[in-house]
Amino acid sequence: MHKLSENYKAVALLVAQTATATATGTGVDVSTYGDDALFILNVGAVSGTSPTLDVVIQSSSTSGGTYTTELTFGQVTASTKFACGGLNIEGSNSGALARKFIRAVGTIAGTTPSFAFSVTMLVRATLGSASLNSVTPA
């Protein structure tokens with residue numbers, strides 16, 4: 001039996017933060033990971049008048065290239081929300097992303113909005129990868 005920590009790696013796409021404007025993560029190279037990824041949106045405190053948070057997962061063939069939206073979370077308007085979504089990130093599979101870099105974007109709107117949130121990607125690490133059993137935060 002394998003331990004979850006021996007096979008999977010958590011990667012921060014948007015680190016835990018309190019944001020008042022759109023937050024865009026840096027593209028993460030997913031070419032060394034397995035074929036599936038689970039994306040986790042965790043929202044804490046929310047304030048402002050009619051605040052909204054729209055989070056998407058995007059992919060691109062290059063880190064600084066044009067990004068395409070692959071996954072859209074439901075709009076968040078209140079505190080203490082949690083959501084998950086999955087994607088096939090291996091470009092060689094039929095119907096999979098043909099992209100190498102993944103990032104998260106959180107678009108914030110409203111009057112003086114503030115959202116405490118993070119986006120994490122859980123991926124299957126490739127055997128032999130240096131990051132497979134790392135306990136160092138990614």
Using the rule that two of Ile, Leu, Val, Met, Phe, Trp, Tyr join whenever any of their side-chain heavy atoms come within less than 4.5 Å, decide whether Val28 and Leu87 are in one cluster.
-> yes
Determine the minimum heavy-atom distance between Phe73 and Gly85, stating which atoms define it.
-> CE2-N, 4.0 Å
Hey, quick one: are Leu71 and Val56 part of the same hydrophobic cluster, counting side-chain heavy atoms closer than 4.5 Å, chains of contacts allowed?
-> no
Check residues 101-120 and write down every donor-acceptor pair under 3.5 Å in which the side-chain atom is one partner and the other belongs to a residue at least two apart or another chain.
{"unit_1": "Arg103", "atom_1": "NE", "unit_2": "Gln58", "atom_2": "OE1", "d": "2.8"}
{"unit_1": "Arg103", "atom_1": "NH2", "unit_2": "Gln58", "atom_2": "OE1", "d": "2.9"}

Residues two or more places apart in sequence or in another chain: which of them pass side chain to side chain contact (heavy atoms under 4.5 Å, CB included) with Thr62?
-> Ser60
Rounded to the nearest 0.5 Å, how far does OG1 of Thr22 lie from CG of Leu53?
-> 9.0 Å
Where is the tightest heavy-atom contact between Ser63 and Gly27, given as atom of each residue plus distance?
-> OG-O, 4.4 Å
Can you pull the salt bridge (Lys or Arg N to Asp or Glu O under 4.0 Å) pairs that have at least one residue in residues 73-84, sequence neighbours excluded?
-> none
Distance in Å, Leu13 CG paired with Leu41 CG, rounded so as to fall on 0.5 Å steps | 11.0 Å
Report whether Tyr67 and Val30 are members of the same hydrophobic cluster (ILVMFWY, side-chain heavy atoms less than 4.5 Å apart, transitive linking).
-> no
Between Cys84 and Ile40, which heavy-atom pair has the shortest distance, and what is it?
-> SG-CG1, 4.0 Å
Pairing residues for Ser79 by the side chain to side chain contact (heavy atoms under 4.5 Å, CB included) criterion, not counting sequence neighbours = Val46
Considering all heavy atoms of both residues, which atom of Ala37 and which atom of Val123 are nearest to each other, and what is their separation?
-> CB-CG1, 3.7 Å
Contact check, side chains of Val55 and Phe39, non-hydrogen atoms, under 4.5 Å | no
Would you call Arg124 and Asp36 a salt bridge, using N to O less than 4.0 angstrom?
-> no
Do any pairs count as a salt bridge (Lys or Arg N to Asp or Glu O under 4.0 Å) and have a residue in residues 20-32, sequence neighbours left out, and if so which ones?
-> Asp29-Lys100
Taking only residues two or more places apart in sequence, or in another chain, which ones meet Gln75 in a side chain to side chain donor-acceptor pair (under 3.5 Å)?
-> Asp54
